[in-house]
Amino acid sequence: MRIAITNLKGGVGKTTITINLAVALVHRGHTVCIVDTDLGQKSSMEWAGSRDEDAKRIPVFGVVGKQLNKEVSELNSKYDLVLIDGTPQLSELAERTILASDMIVIPLSPSILDFRAFESFFERCEQINDLKESQGLKRSKIYVVVNRIIERANISQEILNALQNYQVLVFETRINNRVSYADSITQGLGVIEYRDKKAKSEIESLTDEFEAAINKL
């Protein structure tokens with residue numbers, strides 16, 4: 001199964017969601033790899049380099065340009081799940097990421113600027129889905145995970161209400177803006193391997209929903 005965790009805008013937590021889903025899924029017995037398409041930042045690759053040798057192994061591959069579809073297809077034959085950490089820009093690579101994916105997970109931070117970027121990205125996802133369908137291919141399912149929630153902020157509910165106008169599925173789990181997400185990644189960990197019980201509970205809940213979603217594909 002090929003899953004893209006991507007968005008047009010940077011800073012919405014794509015790599016954080018990708019890494020934490022990968023760690024949780026590996027701990028549940030799935031074979032998982034990550035494809036890092038943002039070779040300017042190389043965030044997933046740097047995380048893998050910080051990971052302890054005794055930790056559960058999650059290979060990270062850096063892939064660019066025209067090789068993406070071929071590489072992802074080959075990896076898909078070797079792993080249960082290929083998680084594509086998307087590049088934060090609307091480019092040929094971003095479009096190839098959408099084409100290569102069975103499912104797209106869009107992390108969305110609760111801000112007006114992030115929502116406007118989501119609108120543009122969602123429109124492009126639908127255009128590429130139309131292209132896939134015209135070629136006899138299956139459309140990519142599109143999900144949204146609301147990330148970096150700040151408790152008691154009215155904008156979070158406003159964003160959730162606005163999402164009802166789009167043909168997307170929204171995960172019920174909300175990921176709060178916690179320091180432990182950044183701290184654990186710095187140490188080459190996922191939060192389920194870290195000490196923050198609230199963050200661990202969030203990721204376990206999101207992983208439950210994620211597994212249910214991929215079982216429906």
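Nothing fancy with the numbering, it's 1 onward along the sequence.
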Chemist: Any side-chain to backbone donor/acceptor pair from Ser184 onto Gly190? Under 3.5 Å, distance only.
Modeler: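 No; judged by distance alone, with no hydrogens or angles, the pair does not exist.
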Chemist: Taking only residues two or more places apart in sequence, or in another chain, which ones meet Phe61 in a ring-ring contact (aromatic ring centres under 6.0 Å, His included)?
Modeler: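 Expected list: none.
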Chemist: Compare every heavy atom of Ser44 with every heavy atom of Thr15, then report the nearest pair and how far apart it is.
Modeler: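 Where Thr15 meets Ser44 most closely, the heavy atoms are CG2-OG, 3.6 Å.
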Chemist: Side-chain contact test, heavy atoms from C-beta onward, threshold under 4.5 Å: evaluate it for Tyr181 versus Glu202 and give yes or no.
Modeler: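 When only atoms from C-beta onward are counted, Glu202 and Tyr181 do touch, with a gap below 4.5 Å.
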Chemist: Which distance, rounded to the nearest 0.5 Å, do you find between the CD1 of Ile104 and the CD1 of Ile142?
Modeler: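 Ile104 atom CD1 to Ile142 atom CD1 measures 5.0 Å (nearest 0.5 Å).
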Chemist: Between Asn147 and Ser109, is any side-chain donor less than 3.5 angstrom from a side-chain acceptor?
Modeler: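 Side chains of Asn147 and Ser109: no pair found under 3.5 Å.
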Chemist: With side chains defined as the heavy atoms from C-beta onward, is the minimum distance between Val35 and Glu71 less than 4.5 Å?
Modeler: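 No, their side chains stay 4.5 Å or more apart.
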Chemist: Any Lys/Arg nitrogen of Arg2 or Asp102 sitting under 4.0 Å from an Asp/Glu carboxylate oxygen of the other?
Modeler: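 Answer for the salt bridge query: yes.
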Chemist: For Glu119, does the CD atom have more than 12 heavy-atom neighbours from other residues, nucleotides or ligands under 6.0 Å away?
Modeler: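 More than 12 heavy atoms, drawn from other residues, nucleotides or ligands, come within 6.0 Å of this atom.
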Chemist: Which distance, rounded to the nearest 0.5 Å, do you find between the NZ of Lys66 and the CG of Asn69?
Modeler: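 Between Lys66 NZ and Asn69 CG, I get 11.5 Å after rounding to 0.5 Å.
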Chemist: Side chains of Leu206 and Phe171: does their closest heavy-atom pair fall under 4.5 Å?
Modeler: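 Leu206 vs Phe171: side chains touch.
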Chemist: Report the residue from Ile84, Leu68, Val72 that forms a side-chain contact (heavy atoms from CB on, under 4.5 Å) with Val63.
Modeler: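 Output: one option passes, namely Leu68.
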Chemist: What's the separation between atom CG in Leu217 and atom NZ in Lys141, rounded to the nearest 0.5 Å?
Modeler: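 Leu217 atom CG to Lys141 atom NZ measures 7.5 Å (nearest 0.5 Å).
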Chemist: Determine whether Leu169 and Val144 make a side-chain contact, defined as any pair of heavy atoms from C-beta on separated by less than 4.5 Å.
Modeler: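 Of all side-chain heavy-atom pairs linking Val144 with Leu169, none is under 4.5 Å.
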Chemist: Where the side chain of Asn20 meets the backbone of Ile203, is there a donor-acceptor pair that is under 3.5 Å apart?
Modeler: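 Looks like no, no N/O pair under 3.5 Å.
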Chemist: Restricting to non-hydrogen atoms, name the atom on Ala4 and the atom on Thr97 that form the minimum distance, rounded to 0.1 Å.
Modeler: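 Closest approach of Ala4 to Thr97: CB-CG2, 3.6 Å.
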Chemist: Does Ala55 offer a backbone N or O that forms a donor-acceptor pair with the side chain of Arg57 under 3.5 Å?
Modeler: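 No, the answer is negative, given that no donor and acceptor are paired below the 3.5 Å cut-off.
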Chemist: Start with the C-alpha distance between Ile34 and Met45, add both sets of side-chain angles, then the distance that settles side chain to side chain contact (heavy atoms under 4.5 Å, CB included), and finish with yes or no.
Modeler: CA-CA 9 Å; Ile34 296 173; Met45 296 177 73; over 6 Å; no
Chemist: Check whether any side-chain heavy atom of Ile185 lies under 4.5 Å from a side-chain heavy atom of Leu189, and answer yes or no.
Modeler: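 They are not in contact (no side-chain heavy atoms under 4.5 Å apart), so the answer is no.
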Chemist: May I ask you to test the Ser101-Met103 pair for a side-chain heavy-atom distance under 4.5 Å?
Modeler: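 The answer is no, as the side chains (C-beta and beyond) never meet within the 4.5 Å cut-off.
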Chemist: Are Leu81 and Val26 connected in a single hydrophobic cluster, I mean Ile/Leu/Val/Met/Phe/Trp/Tyr linked by side-chain heavy atoms less than 4.5 Å apart?
Modeler: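 Yes, it is one cluster - the side chains of Val26 and Leu81 are joined through contacts under 4.5 Å.
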Chemist: Checking Glu209 side chain against Thr173 main chain: does a donor-acceptor pair fall under 3.5 Å?
Modeler: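 Present.
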Chemist: Decide, yes or no, whether a salt bridge links Asp183 with Arg178 under the criterion of side-chain N to carboxylate O below 4.0 Å.
Modeler: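 Arg178 and Asp183: not salt-bridged.
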Chemist: Would you check if Asp85 and Ile5 make a side-chain contact, meaning some heavy-atom pair closer than 4.5 Å?
Modeler: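 The answer is no; the side chains never approach within 4.5 Å.
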Chemist: Between Leu21 and Thr207, is there a side-chain heavy-atom distance shorter than 4.5 Å?
Modeler: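 Yes, side chains in contact.
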Chemist: Passes side chain to side chain contact (heavy atoms under 4.5 Å, CB included), Val82 versus Leu75? Steps please.
Modeler: CA-CA 7 Å; Val82 180; Leu75 291 169; 4.0 Å; yes
Chemist: Kindly give the heavy-atom pair with the smallest separation between Val32 and Pro59, and that separation in Å.
Modeler: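 In this case the closest contact between Val32 and Pro59 is O-CD, 3.5 Å.
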Chemist: Quick one: CZ on Arg139 to CG on Asn129, what's the gap to the nearest 0.5 Å?
Modeler: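 Going from the CZ atom of Arg139 to the CG atom of Asn129 covers 4.5 Å.
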Chemist: How long is the straight-line distance from CG of Asn7 back to CD1 of Ile17, given to the nearest 0.5 Å?
Modeler: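 CG of Asn7 is found 11.5 Å from CD1 of Ile17.
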Chemist: If every non-hydrogen atom of Gly188 is compared with every non-hydrogen atom of Trp47, which pair is closest and at what distance?
Modeler: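 Taking every non-hydrogen atom into account, C-NE1, 3.1 Å.
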Chemist: Any donor-acceptor pair under 3.5 Å linking the side-chain atoms of Ser140 with those of Lys132?
Modeler: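 Looking only at side-chain atoms, Ser140 and Lys132 do form a donor-acceptor pair, the distance falling under 3.5 Å.
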Chemist: Taking the six-membered ring for Trp, are Phe118 and Phe121 closer than 6.0 Å centroid to centroid?
Modeler: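 No, too far apart.
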Chemist: Hey, are Arg28 and Glu204 close enough for a salt bridge, meaning a charged N less than 4.0 Å from a carboxylate O?
Modeler: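 Salt bridge flag = yes for Glu204 with Arg28.
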Chemist: Give the minimum heavy-atom separation between Leu163 and Val168, together with the two atoms involved.
Modeler: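 Looks like O-CG2, 4.2 Å.
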Chemist: Tell me whether Glu193 is salt-bridged to Lys200, with the criterion being a basic N under 4.0 Å from an acidic carboxylate O.
Modeler: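 Not counted as a salt bridge, because no side-chain N and carboxylate O are separated by less than 4.0 Å.
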Chemist: With no hydrogens and no angle check, do the side chains of Glu126 and Tyr166 hold a donor and an acceptor under 3.5 Å apart?
Modeler: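 Judged by distance alone, the side chains do not pair up.
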Chemist: With rounding to the nearest 0.5 Å, note down the distance linking CG in Leu131 to CD1 in Ile98.
Modeler: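 Between atom CG of Leu131 and atom CD1 of Ile98 there are 11.0 Å.
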Chemist: Please indicate whether Gln167 has more than 12 foreign heavy atoms, meaning atoms of other residues, nucleotides or ligands, lying under 6.0 Å from its CD.
Modeler: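 At most 12 heavy atoms, drawn from other residues, nucleotides or ligands, come within 6.0 Å of this atom.
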